[in-house]
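One structure is given below, encoded as structure tokens.
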Amino acid sequence: MRIADILARKQTFSFEIFPPRGDLSVEQATSIATQMAADKPDWISVTFSAGGSGNTGNTARIASRIQRTTSTNALAHLTCLGSTKADVDAYVEALRAGGTQNVLALRGDRAPGREALDFAHADDLVRYLKNKVPDLCVGAACYPEGHVEAASLQADLEYLKAKQDAGADFLVTQLFFDNELFYRFREACVRARIKIPITVGIMPFTSTKQIQRMAFTCGASIPAAVIKRLIAAGDDPADQAKAGIAYACEQLRDLARNGVDGLHIYSMNKPEVAHATRAALEECGYLAH
Ligand code: FAD
């Protein structure tokens with residue numbers, strides 16, 4: 001099913017899996033997705049070449065497995081730096097052959113050897129996909145704190161509007177740990193005439209090391225409330241993970257109370273983390289029991 005059609009009738013709930021550096025086989029990913037599907041997400045997204053691993057072939061295969069073998073929908077990510085139109089055509093053909101109707105169109109991070117070929121920015125990719133395959137449902141990324149390269153949040157919003165104008169059907173946010181940043185961003189989107197649904201991405205952090213890495217790679221600020229939780233958790237990895245899940249569930253309940261279009265969980269290949277968020281959202285009435 002097209003994600004835009006789901007968003008048109010309800011608030012959504014979704015998960016993410018990522019095939020890291022080629023060491024998650026299609027079979028393992030399918031097993032994770034099957035466990036996650038038991039929590040009835042509206043879709044599961046599959047990242048593309050995460051961390052520049054070059055592991056792109058598996059994304060289409062895993063998305064097709066999700067689409068074909070579970071009760072949920074797949075959202076296949078696609079980055080365009082270093083890709084030609086022919087590469088994109090082949091990827092979309094593979095997705096469609098496997099029944100996947102949803103793509104998250106991204107530029108990808110800059111890296112040596114990954115230069116712009118046929119696409120410089122995500123809006124180029126969105127436009128190309130919508131022209132080429134009009135019934136494809138195309139999402140795009142947005143950044144409540146501004147993208148790390150953006151000169152200002154306002155400049156970033158103007159480019160975000162360009163993604164909407166190019167035909168993007170919905171947005172997924174970068175992770176953040178302070179909901180107030182998202183509420184301010186949502187108001188700024190209204191002022192910038194960005195009207196497509198915004199699904200909110202939340203990552204339950206699982207360790208101090210991981211949250212530090214995320215802060216540096218995606219520029220998410222870490223509020224004092226998170227630091228205090230991690231200090232209280234001490235050095236025990238299990239306590240740190242517990243603190244991260246508890247914090248994310250609080251964030252999710254607050255977002256649910258404040259009316260969002262959708263909640264997307266960066267579930268990091270962990271069905272138990274995904275499950276904990278489902279339970280929190282049932283408890284607060286966002287999801288039915
Ligand atoms: P763009 O929209 O192109 O924006 C990049 C920068 O360029 C911004 O600073 C923006 O302000 C500016 N800009 C945008 N359009 C223009 C324009 N027309 N002219 C000039 N400047 C412009 N990475 C992966 O490798 N694989 C993944 O699977 C993946 N999934 C992601 C999922 C989500 C929800 C998010 C938020 C990010 C994901 N990323 C992924 C990371 C993403 O690739 C990076 O954040 C990347 O640096 C920017 O991608 P973008 O699509 O937002 O790019």
Side-chain angles (χ1 to χ4, degrees), residues 3 12 14-21 24 29 43-60 62-63 74-83 88 91 95 102-111 113-116 118-129 138-168 170-176 181-182 185 188 192 194 196-203 213-220 261-269:
I3 287 171
T12 59
S14 52
F15 298 139
E16 179 173 284
I17 59 176
F18 69 105
R21 293 190 168 69
L24 185 77
W43 72 84
I44 297 177
S45 66
V46 187
T47 64
F48 185 88
S49 189
S53 64
N55 180 20
T56 56
N58 273 358
T59 301
I62 294 166
L75 168 62
H77 293 201
L78 167 62
T79 64
C80 62
L81 273 188
S83 294
V88 169
Y91 181 73
L95 288 179
N102 304 292
V103 173
L104 191 71
L106 300 146
R107 185 198 68 179
D109 284 325
R110 293 192 192 285
R114 209 179 317 145
E115 313 306 331
D118 286 340
F119 308 93
H121 283 286
D123 64 317
D124 298 331
L125 180 61
V126 173
R127 195 171 300 105
Y128 181 75
L129 290 171
V138 179
C142 65
Y143 302 83
E145 298 186 65
H147 182 261
V148 280
E149 291 168 28
S152 66
L153 186 52
Q154 190 51 41
D156 208 28
L157 279 168
E158 281 161 27
Y159 292 126
L160 184 57
K161 172 80 167 38
K163 295 196 233 190
Q164 172 182 272
D165 295 348
F170 68 98
L171 299 169
V172 185
T173 75
Q174 181 58 280
L175 60 90
F176 55 86
L181 292 166
F182 173 71
F185 171 75
I194 294 165
I196 51 178
I198 305 173
T199 66
V200 177
I202 293 296
M203 189 189 74
R213 196 177 59 241
M214 295 316 296
F216 273 90
T217 51
C218 68
D261 297 320
L263 292 170
H264 181 66
I265 316 299
Y266 291 113
S267 37
M268 312 295 283
N269 297 344

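Each ligand, and each atom within it, is numbered from 1 in the order the structure gives.
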Check your understanding: Which bit of H121 is near ligand 1, meaning a heavy atom under 4.0 Å away: side chain, backbone, both or neither?
Key ->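 Near ligand 1, H121 shows its backbone as well as its side chain.
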Review point. Applying a 4.0 Å heavy-atom criterion (strictly less than), which segment of L160 is in contact with ligand 1: side chain, backbone, both, or neither?
Key: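 For L160, no heavy atom sits under 4.0 Å from ligand 1.
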Flag [X] as yes when one of its N or O atoms lies below 3.5 Å from any N or O atom of ligand 1, and as no otherwise.
{"X": "A122", "result": "yes"}
{"X": "L104", "result": "no"}
{"X": "D156", "result": "yes"}
{"X": "T173", "result": "no"}
{"X": "C142", "result": "no"}
{"X": "Y143", "result": "yes"}
{"X": "T47", "result": "no"}

Point to revise | Pair H264, S14: side-chain N/O donor-acceptor within cut-off below 3.5 Å | key: yes
Review point. Does ligand 1 have any atom that is closer than 4.0 Å to a heavy atom of G108?
Key: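 Checking ligand 1 against G108, which is what was asked, there is a heavy-atom contact under 4.0 Å.
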Review point. So, does R107 use its side chain to make a donor-acceptor pair with the main chain of A120 at under 3.5 Å?
Key: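 Checking the backbone N and O of A120 against the side chain of R107, no donor-acceptor pair under 3.5 Å is found.
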**Study point:** Partner residues of E145 under the side chain to side chain donor-acceptor pair (under 3.5 Å) criterion, sequence neighbours left out
**Key:** S221
Practice item. Using heavy-atom distances, let me know which of F48, F119, F18, Y159 sits nearest atom 16 (C) of ligand 1. Key: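 Closest candidate by heavy-atom distance is Y159.
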Practice item. Taking side-chain contact (heavy atoms from CB on, under 4.5 Å) as the test, write out the residues that go with D156, two or more places apart. Key: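 Residues passing side-chain contact (heavy atoms from CB on, under 4.5 Å) with D156: Y143, H147, A150.
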Check your understanding: What do you reckon, are the aromatic ring centroids of F48 and Y91 less than 6.0 Å apart?
Key ->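 That pair passes the under 6.0 Å test.
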**Study point:** Check ion pair E158-K163 (N to O, under 4.0 angstrom)
**Key:** no
